[in-house]
2 protein chains.
Amino acid sequence: MKKRVTLKQIAKELDVSVSTVSKALKNSEEISRDTKDKIQAFAKLYNYRPNNIALSLKNKKTKNIGVIIPDIVHHFFTTVFRGIEHYAGERGYNVMICVSDESFEKEILNMELLANGSIDGFIMSLSAETQEKNDYTHLKEVLGQGIPLVLFDRVTEDIECDKVILNDEQIAYDAVQGMIRSGKRKIALVTTEGYFNVSFDRARGYKRALEMNGLDVDKALVLTLPYKSEDDTVIWDFFESNDIDAVLCVNEIFAIKCMDVVQRQGKKVPEDISFIGFTNGILSRYSTPKLTTVAQHGELMGETAARLLIDRIENDLEGNHKTEVISATIIHRESTIN
Amino acid sequence: MKKRVTLKQIAKELDVSVSTVSKALKNSEEISRDTKDKIQAFAKLYNYRPNNIALSLKNKKTKNIGVIIPDIVHHFFTTVFRGIEHYAGERGYNVMICVSDESFEKEILNMELLANGSIDGFIMSLSAETQEKNDYTHLKEVLGQGIPLVLFDRVTEDIECDKVILNDEQIAYDAVQGMIRSGKRKIALVTTEGYFNVSFDRARGYKRALEMNGLDVDKALVLTLPYKSEDDTVIWDFFESNDIDAVLCVNEIFAIKCMDVVQRQGKKVPEDISFIGFTNGILSRYSTPKLTTVAQHGELMGETAARLLIDRIENDLEGNHKTEVISATIIHRESTIN
DNA sequence: TTGTACGCGTTATCAG
DNA sequence: CTGATAACGCGTACAA
């Protein structure tokens, strides 16, 4: 059990000063070949590594970035996280992660914890509760302290900072257009509560596509489901009491659940009803039939967010906030015609 | 943009010494009511928070734990992670996470990075490559430096440390027993390369159940698949050229893929072939038919691992390593009879 | 070529 | 009651 050695210990052992050791280990020209050799050999032997904490304190840079996401057992968020982690790693940054569990309180708690010096900047996606409350004082606080922040996916216009978002409105429009082109006319939308910016934007795209084609926007054809629910009866009733031939779902699970219900009702997918969902996750690839989905390119989102953040940490960008838009693409599978 | 205030700044502003401020903020009895009030009011106004990094340096405790997992877009690992995060949070710890991407090199890199003072202990699950190489010097290194380590799920007997594992052998045995009880006799195993301790243990349970019932262990009925592969032809051939009426799969994806193949071959699940998979993930709940699975209780594993680690960090346990076994349970769905 | 002194932010100890 | 000092581990400007 040889504990980690410090500069001081090496210095003492070799009977030189701490600064000599420090310089020698950085191969400084100031130090003679002889002492450098001696010190470097010793350091290697005892496997010296500078202490990150001490460096952080000295440099006022932790080389850590804090990520706060609403959920971790979640395909999209983990995909984004993977992108963040990869990119950050390449630029020498580590990642601390906190999960808000969709809770306003936990989001604040986590932010305050990390903001006390542990990280150089934040990447986050807002919790459901935060978007519902529409209260962003904790974000303003952090920004006010000069800590950079990048929001992704679940963002808000109330905060001025770098953002990475999907072209939600456009891709929803495209998706619906595609269904119309394949002959569908009675198109439903299955969505979450409207306070999610993403759901809101997707709904806008859905409506625009209908209007563009002279189709009515029928409120009865919009089903709003709670974020997490095991109860399928609402879905059952919705599809039983409405005449629907195509559905756009704002996430994968909703789509899978709805497909399951309509198939149990004896309808054929995609002939009778076609489906498109958001999030190109694992479910889509293995469902029956395989689900056509909107790929959000989470990994790219993550990389982009990390790039924006680290650029801001390392260069003094002074305002001048960017919003990068990731272009979604539609992955055609078996739940749509053609 | 009011930057974070330090003790020193408060001291200067109020014309007292740094130590007085420090004490006043901790409500020390040594300080007079008056000065305490004054200092506390000022601190509150400027929203003073002690700097984590400085505290870490002083206390030689970071209150961070490092988690290294092979993959993040992965139901089981994220579930475990959720358990870790929740439990750690309750005990005042933050989590730094690194992904090894199943790579030996990256695992070592990540460990070295975090071991340089950033964390008080590790929780990890070994990468595929590490298990294949069977080289654990980096783990020994870290343990040698006095940094506590808890392994979960993918563990090794070569390292002495706290561990959290599943009763893999037993639950595989139970699963196969159940299929035999329901009348199945020609039972296949679909597994990964044998260097995974979990696959190895599950195979042992599978064999024990067969032997216990006087059934032959037929090597032809064991299919070994690469960890990640898009090619289904091996699976197709396997089920075409063998007479099989039940299958135990060591993970969820394998099970879903195999079910898909045999159904395309015109067989009925579970009447002709029944399936049980490991990992009670999202796929199992939405597949057709819904998959009977072994629930690994990842969240509990995570909590347990975090508890073991933090206990070891905070108390000097001096060897005396525990291995906690989590009891898996079988979730019966539609892919098995009864 | 080497060493001294200082500062990063905090707390504990001891002196006043 | 309050303040000065040392220490955690490191790097660097400056002095010798």
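All values derive from a computational prediction rather than experimental measurement. Chain identifiers are assigned alphabetically (A, B, ...) following the order of the sequence lines, protein sequences preceding nucleic acid strands; residue numbering begins at 1 within each chain.
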Quick one: [X] [atom1] to [N] [atom2], roughly how many Å, whole number?
{"X": "A:L55", "N": "C:dG7", "atom1": "CG", "atom2": "C1'", "answer": "14 Å"}
{"X": "B:L25", "N": "C:dG9", "atom1": "CG", "atom2": "C1'", "answer": "13 Å"}
{"X": "A:I53", "N": "C:dT11", "atom1": "CD1", "atom2": "P", "answer": "15 Å"}
{"X": "B:K8", "N": "C:dC8", "atom1": "NZ", "atom2": "C1'", "answer": "8 Å"}
{"X": "B:K60", "N": "D:dC10", "atom1": "NZ", "atom2": "C1'", "answer": "13 Å"}
{"X": "A:N59", "N": "D:dT12", "atom1": "CG", "atom2": "P", "answer": "8 Å"}
{"X": "A:E30", "N": "D:dC14", "atom1": "CD", "atom2": "C1'", "answer": "10 Å"}
{"X": "B:N52", "N": "C:dC8", "atom1": "CG", "atom2": "P", "answer": "18 Å"}

Report yes if at least one side-chain N or O of [X] is closer than 4.0 Å to OP1 or OP2 of [N]; otherwise report no.
{"X": "B:K36", "N": "D:dC1", "result": "no"}
{"X": "B:K26", "N": "C:dT10", "result": "no"}
{"X": "A:T6", "N": "D:dC8", "result": "no"}

[X]/[Y] ion pair, N-O < 4.0 Å:
{"X": "B:D101", "Y": "B:K106", "value": "yes"}
{"X": "B:D311", "Y": "B:R91", "value": "yes"}
{"X": "A:R154", "Y": "A:E102", "value": "yes"}

Remember a base hit wins even if backbone is also touched, and classify [X] as base, sugar-phosphate or nothing at under 4.0 Å, heavy atoms.
{"X": "B:R49", "result": "sugar-phosphate"}
{"X": "B:T35", "result": "sugar-phosphate"}
{"X": "B:K58", "result": "base"}
{"X": "B:L7", "result": "base"}

Please check if any side-chain donor atom of [X] sits under 3.5 Å from a side-chain acceptor atom of [Y], or the reverse.
{"X": "A:T35", "Y": "A:S32", "result": "yes"}
{"X": "A:S100", "Y": "A:S103", "result": "no"}
{"X": "B:R4", "Y": "B:N47", "result": "no"}

Please work out which of the three classes, parallel, tilted or perpendicular, describes the rings of B:F77 and B:H74, given edges at 30° and 60°.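 It falls in the tilted class, 30° to 60°.
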
Can you list, in residue-number order, the parts of residues 15-23 of chain B that come under 4.0 Å of DNA chain C, counting heavy atoms only?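 Close to the strand are B:V18, B:S19, B:S22, B:K23.
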
Toward the 5' end of DNA chain D, which comes first, B:A54 or B:I31, by nearest nucleotide?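 The answer here is B:I31.
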
